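Fair warning: this is a prediction, and the values are worked out from it, not measured in the lab.
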Amino acid sequence: MVGKDTIADILTLIRNADMNRKRTVQIPLTNITENIVKILLREGFVENVRKHRESNKYFLVLTLRYRRRSYKTFLNLKRISTPGLRIYSNYQKIPKILGGMGIVILSTSRGIMTDREARLERIGGEVLCYIW
């Protein structure tokens, strides 16, 4: 990992593994990546997650979920707020992805959460990414 934008880096790693039909992908463990992966697991975009240690570096190993006999990729991930251009939204204006089929991951004052959770708690935050 070379980039300064860890969220974009993990989204790219997952997207590339998905496009190349890889069953597992290894991403570096940070608090942000761990929280985003927990959301992906809870929402059913990822099948399984386990921690892995390799020479004093910690990684998360994700097992990706696939559609059978499909040529399309299963995951669509899009980074919204970047280090150069932060995008914020209050809870009323959080976008709905595919009419609520996809999820928006936000960084709020109460931690990283999905658009549904943020609307329930009536708090806005930084729009990190869309997943559908």
Next item on the list: Examine Leu75 and Ile39 and state if one hydrophobic cluster contains both, with Ile, Leu, Val, Met, Phe, Trp and Tyr joined whenever side-chain heavy atoms are less than 4.5 Å apart.
Entry: yes
Check: If you round to the nearest 0.5 Å, how far is NZ of Lys38 from OG1 of Thr33?
Finding: 10.5 Å
Note to self: Rounded to the nearest 0.5 Å, what separates atom OG1 in Thr24 from atom NE2 in His52?
What the structure shows: 10.5 Å
Notebook entry, point to check: Are Arg42 and Thr114 side-chain neighbours, meaning at least one heavy-atom pair lies under 4.5 Å?
Noted result: yes
Note to self: Which heavy atom of Arg86 sits nearest to which heavy atom of Ser81, and what is that distance?
What the structure shows: CA-OG, 3.1 Å
Next item on the list: Return yes if some donor-acceptor pair links the side-chain N/O of Arg79 with the main-chain N/O of Leu128 below 3.5 Å, else return no.
Entry: yes
Notebook entry, point to check: For Glu47 and Arg65, which heavy atoms make the closest approach, and how far apart are they?
Noted result: CA-NH2, 3.8 Å
Check: Could you state the interatomic distance from CD1 (Ile7) to OG1 (Thr12), rounded to the nearest 0.5 Å?
Finding: 11.5 Å
Margin query: Show me the pairs that pass salt bridge (charged side-chain N to carboxylate O under 4.0 Å, His left out) and involve residues 97-113, at least two apart or across chains.
Written below: Arg110-Glu121
Note to self: If you define the side chain from C-beta out and look only at heavy atoms, does anything of Thr63 sit under 4.5 Å from Arg23?
What the structure shows: yes
Margin query: Are Val25 and Leu64 packed together at the side-chain level, in the sense that at least one heavy-atom pair is separated by less than 4.5 angstrom?
Written below: yes
Item checked: Any residue meeting salt bridge (Lys or Arg N to Asp or Glu O under 4.0 Å) with Lys93, in chain and number order, not counting sequence neighbours -> none
Item checked: Spacing of Thr6 atom OG1 and Asn31 atom CG [to the nearest 0.5 Å] -> 10.5 Å
Next item on the list: Locate the shortest heavy-atom distance separating Asp115 from Pro95; write the atom from each residue and the value.
Entry: OD2-O, 4.0 Å
Notebook entry, point to check: Any side-chain heavy-atom pair from Lys51 and Tyr58 closer than 4.5 angstrom?
Noted result: no
Notebook entry, point to check: What are the two closest non-hydrogen atoms of Ile14 and Leu77, and how far apart are they?
Noted result: CG2-CD1, 4.0 Å
Item checked: Transitive ILVMFWY side-chain link Phe59 to Leu40, under 4.5 Å -> no
Next item on the list: State plainly whether one hydrophobic cluster holds both Ile103 and Ile32, where clusters connect Ile, Leu, Val, Met, Phe, Trp and Tyr through side-chain heavy atoms under 4.5 angstrom apart.
Entry: yes
Check: Which atom names give the shortest non-hydrogen contact between Val61 and Gln26, and what distance separates them?
Finding: CG2-CG, 4.2 Å
Check: If you measure from OG on Ser107 to CE on Met113, what distance do you get to the nearest 0.5 Å?
Finding: 9.0 Å
Check: Rounded to the nearest 0.5 Å, how far does CD1 of Ile10 lie from CD1 of Ile27?
Finding: 4.5 Å
Notebook entry, point to check: For Trp132, which fellow cluster members are found when Ile, Leu, Val, Met, Phe, Trp and Tyr are connected by side-chain heavy-atom distances below 4.5 angstrom, either directly or through intermediates?
Noted result: Ile80, Leu85, Ile87, Tyr91, Ile94, Ile97, Leu98, Met101, Val104, Leu106, Val127, Tyr130
